[in-house]
Each structure stands twice: as C-alpha cells, then as structure tokens.
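For reference, the structure discussed in these notes is given below.
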Number of protein chains: 2
Amino acid sequence: MNSLTEENYLKAIYKLVDGEKVAVTTNAIAEKMNTKAASVTDMLKKLSDKKLINYEKYYGVKLTAKGEKIALNIIRKHRLWEMFLVEKLEFGWDEVHDLAEQLEHINSEKLVAQIDKFLNYPKVDPHGDPIPDSNGKLQIQKSALLSTFKKNEVCMMTGVVDHSPTFLQYLAKTELTLGSTIKINDINDFDRSLQITAGKAKPFFISNEVAKNILVSLK
Amino acid sequence: MNSLTEENYLKAIYKLVDGEKVAVTTNAIAEKMNTKAASVTDMLKKLSDKKLINYEKYYGVKLTAKGEKIALNIIRKHRLWEMFLVEKLEFGWDEVHDLAEQLEHINSEKLVAQIDKFLNYPKVDPHGDPIPDSNGKLQIQKSALLSTFKKNEVCMMTGVVDHSPTFLQYLAKTELTLGSTIKINDINDFDRSLQITAGKAKPFFISNEVAKNILVSLK
DNA sequence: AATAAAATTTAGATTAGTCTAAAAATTAGT
DNA sequence: ACTAATTTTTAGACTAATCTAAATTTTATT
C-alpha cells in the first residue's frame with residue numbers, strides 16, 4: 001500500500017507530464033505540491049525504490065507503468081467523487097475539488113465500483129474531464145479552445161481549462177455550462193473578445209481570457 | 001484541527017466510557033487501539049494539553065465536553081456513512097464497518113449535512129445504533145437483551161451487541177433483521193437456548209450466546 | 001505493613017515526511 | 001570556454017506517532 005503522501009506525489013507527477021514525453025523536474029513538483037525541492041528529492045528516492053517512477057538524479061522523473069496506473073486510479077476516484085457530489089448531493093461544480101481531494105484516498109475497490117454504478121457509469125466529471133475506467137484507460141477527448149474559433153462558427157462546450165472556483169462561479173452566472181451550444185456572433189479585432197450566444201440566452205460578451213479557458217467540441 | 005490519530009483516540013475513549021462514570025484506564029485504551037500503553041500515555045498528554053480530556057497520571061481519563069463533542073461527531077459520521085453504504089450502495093451490514101472507519105475522518109460539514117438529507121435524516125444505522133444529531137445529542141434507546149425474555153413473550157429486534165462480520169453474516173442467513181418481530185416459543189432449561197419464530201419464517205433454534213447479542217424493544 | 005504483582009509513566013530510539021542551509025551539478029551568458 | 005546563475009541534491013535537524021526497556025506508582029496479597 002502507498003501512503004497518502006505518495007499517492008499525491010504520483011498524481012502531481014502524472015498531471016505535470018500529461019501527454020508530454022519530457023521528464024518532470026524537481027522544482028515543478030515542489031511548486032505543485034506546495035513543498036520544497038529538498039522534500040521532493042527525498043520522496044523521489046522513495047518512489048524510485050518502489051519502482052513507481054524512473055528517477056535519474058538531476059535529470060527528472062517519469063512514471064513507470066505501475067506508477068501511472070496508481071495515479072490514474074486516484075484521478076478516477078477523484079472524478080467519480082466529484083460527480084457524486086454534484087449529481088447526488090447538490091454540490092456546485094465550484095465547490096467539489098477540495099473535498100474530492102480527501103475522498104480520492106479512500107481505499108475500497110467495491111466502494112468505487114458501486115459509486116460508478118450508482119452514477120450509471122459516467123464518462124466525464126462535472127467539469128467535463130474524462131473519468132479513467134477501472135483499468136486506467138482514459139478516453140481522449142478531442143477538443144479545442146473556444147478562443148481558436150472564428151466568427152459565425154458554432155460549437156458545443158465540453159470542458160474548462162481553469163478549474164478555480166472563481167472561474168467556475170463566473171461561468172455559473174452565464175449560460176456557459178457543459179453541453180451548451182455556443183455561437184460566435186462577433187470577434188473584436190482589438191482585444192479578441194467575443195460576442196456569443198449560448199443556449200437560449202441573449203447574446204453576451206466574454207473576454208479572450210475567458211475564451212482561452214473554455215473547451216469546445218470541433219463540430 | 002485534530003489529526004486522524006487524535007480523532008481515533010477520542011472515539012476509543014468515548015466508547016470505553018459509554019455511560020459509566022468511571023475513568024478509562026491507559027491499558028484499556030491501548031488494547032482498544034491495538035497499541036502499547038507507552039504510546040497511549042504520550043497521546044493522553046497531548047489530548048490533555050488540547051483540553052479534550054481530563055487526565056490525571058496513574059488514575060485515568062475522562063473526555064471534556066469539547067472532547068466528547070468531537071467523539072460524537074465522528075460516531076455520527078461513521079453511522080451515517082454506514083447507512084449510506086447499505087441503503088444506497090448495496091453493501092451488506094457485515095461489510096461496512098472498516099470502510100466507515102476511513103470515511104468518518106473526511107472533513108466537511110456540508111458533506112455530512114447533505115448525506116444526512118440524502119438518507120432522509122435516519123435515526124439509527126444499519127445495526128440499529130443511534131445516530132447522534134449535528135449537535136452531538138444521542139437518542140438513548142431503551143432496549144433489552146433477547147436472552148432476558150421469557151417463554152411466550154413477543155418483542156421486536158432493534159439492534160445487536162456483537163458487530164463482528166461473522167455474527168452479522170450468521171444473522172443474515174436467518175430472519176433476524178432489524179425490525180423483525182420475535183416470539184419465544186420455548187426455552188431449554190439446560191442450556192438456555194431458545195426456540196423462536198421470527199417474521200414469517202418457520203420456528204428455529206438459537207443458542208443463548210446468540211440471544212445475548214440481540215437487542216430487542218420492551219413491548 | 002511489607003512485599004510482590006500489575007499498571008503506568010519516562011527515557012531514549014525509530015520512521016515518515018518535512019524543513020533550512022550548504023554543497024554539487026547543470027544550464028546560461030558573455 | 002569560463003564564470004555566473006539556477007537547479008538539484010545532501011546533510012543535519014525537527015515533529016508526530018510509534019516502539020522497547022527501565023523506572024515509578026499503584027494495587028493486591030499475605
């Protein structure tokens with residue numbers, strides 16, 4: 001079994017790699033974990049001894065298959081719990097993250113399987129992030145940033161880049177929710193802000209900053 | 001905030017006191033916590049510094065009002081989670097204890113409130129144990145042991161004394177579940193074993209040992 | 001009341017995870 | 001290619017929770 005701390009390190013490393021083939025640096029992990037580089041080095045040795053990461057001094061780390069599987073399982077649990085909180089317990093999508101960080105470490109295969117079943121095997125979490133299956137397979141969703149679309153194009157909102165409560169609360173006040181159909185009515189040449197129509201609401205403005213944090217499907 | 005370990009000590013002390021006005025001994029706590037007396041002494045000092053217990057060297061400990069409140073809150077969470085697992089996730093009453101021991105330490109007032117609501121404010125857990133309310137008030141249930149009843153008396157099952165999976169699994173194979181109406185048809189003078197009728201099943205035998213672990217209402 | 005037995009506490013060590021400060025290695029700038 | 005800046009690692013220390021072994025206090029027995 002791995003400690004809570006070990007699990008959090010593996011998750012952090014997984015998120016920092018995220019597709020890119022480069023190794024993750026000690027400092028990057030330290031920043032993500034809100035800790036010091038020296039502490040990270042200690043933990044990397046430990047994870048390396050356990051064969052959960054490939055670690056070369058001064059170079060960086062990559063997850064082994066074993067380490068990645070553990071990371072994906074934690075992410076699976078995190079996203080299932082978020083879904084449960086939002087779908088069954090009336091939580092808002094902006095208030096589930098920290099709580100899911102606690103719940104993701106609960107150790108029970110049966111519990112995860114039952115929650116999954118109870119939610120009717122969801123494919124994505126409340127933020128549109130894909131939920132890994134029980135084998136650690138992740139459905140890759142092809143999506144693009146709303147900011148890359150052109151005038152008069154239509155698309156569907158599938159997720160967010162920024163997960164901060166502030167951003168999510170802002171979105172909750174608009175018609176921009178997962179599944180919303182978005183039409184780009186106009187783009188301001190000066191600041192790249194957009195005038196859009198989302199769902200059946202009146203057209204409204206969003207900044208380019210916001211558009212860069214909204215994921216949409218290429219349809 | 002209190003550590004997971006501190007919470008477990010408070011819970012253990014609460015359960016050892018359980019109504020009796022005597023102080024709890026170091027050895028009793030050590031046994032309950034599967035640890036050594038020396039470790040307990042260390043923790044008692046710590047809890048005493050935090051004013052969660054009244055501790056007098058060589059004498060024993062009692063919970064302060066503050067300590068008791070924390071203990072009851074953990075018990076509340078434990079029992080609500082057990083109820084959730086059984087009622088919503090198809091767990092058996094014999095397989096929820098260890099998992100609830102993990103879940104009871106999840107820290108979120110809103111989560112507890114929402115689970116409580118989701119379960120429609122249950123008064124007892126799957127074993128018939130009362131669930132403390134959010135203020136730490138515990139409904140005392142007046143119940144008696146089935147073994148104290150006489151021939152031809154009728155009662156209703158309200159709980160169990162032994163919570164071991166073995167005992168609970170045994171009961172699950174009979175008609176002895178919470179709420180069952182039990183009629184005592186006969187008592188064997190030699191070994192005090194009982195011939196009973198429970199629910200609408202055929203009469204069957206239970207040992208006195210079993211009867212001593214079944215709680216029933218005095219009706 | 002004295003002594004033996006049991007319970008409890010203290011002393012000192014250990015482990016996991018963290019830290020600061022210093023040393024070593026790598027990368028960047030000219 | 002050499003020095004400066006940055007990154008990473010090592011060394012040594014700290015805290016929480018645990019342990020063993022020894023010392024102390026309480027309780028029980030005669």
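Each chain gets a letter, A, B and so on, in the order its sequence line appears, and its residues count up from 1. All values below come from the heavy atoms of this structure, side chains included, with hydrogens, waters and symmetry mates left out. All values derive from a computational prediction rather than experimental measurement.
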Taking N or O atoms only and anything under 3.5 Å, show me the protein contacts with nucleotides 1-6 of chain C, one pair per line.
none

**Asked** Would one find a side-chain N or O of A/T25 under 4.0 angstrom from OP1 or OP2 of D/dT7?
**Response** no
**Message:** With a cut-off of less than 4.0 Å, is there a side-chain N or O of A/Y59 near OP1 or OP2 of D/dT9?
**Reply:** no
**Request:** Consider the side chain of B/K45, meaning its heavy atoms from C-beta on, and name the nucleotide among C/dT8, C/dT18, C/dT10 that approaches it most closely.
**Result:** C/dT10
**Message:** Between A/K117 and B/E90, does any side-chain N to carboxylate O distance fall below 4.0 Å?
**Reply:** yes
**Request:** Walk me through it: do B/N73 and B/K77 pass the test side chain to side chain contact (heavy atoms under 4.5 Å, CB included)?
**Result:** CA-CA 6 Å; B/N73 190 238; B/K77 290 193 280 181; 3.7 Å; yes
**Prompt:** Under 4.0 Å between a side-chain N or O of A/Y9 and OP1 or OP2 of C/dT18?
**Reply:** yes
**Listed nucleotide nearest any side-chain atom of A/T41, set D/dT10, D/dT18, C/dT8** = D/dT10
**N/O (side chain, A/K57) to phosphate O (OP1/OP2, C/dT26) under 4.0 Å** = no
**Prompt:** Does the side chain of B/N27 get closer than 4.0 angstrom to OP1 or OP2 of C/dT8 through an N or O atom?
**Reply:** yes
**Message:** Considering only residues two or more places apart or on different chains, which pairs with a residue in residues 47-63 of chain B satisfy side chain to side chain donor-acceptor pair (under 3.5 Å)?
**Reply:** B/N2-B/K50, B/E6-B/K50
What's touching nucleotides 19-23 of chain C from the protein side, N or O pairs under 3.5 Å?
unit_1: C/dC19; atom_1: OP2; unit_2: A/T35; atom_2: OG1; d: 2.5
unit_1: C/dC19; atom_1: OP2; unit_2: A/K36; atom_2: N; d: 3.1
unit_1: C/dC19; atom_1: OP2; unit_2: A/S39; atom_2: OG; d: 2.6
unit_1: C/dT20; atom_1: OP2; unit_2: A/K36; atom_2: NZ; d: 3.1

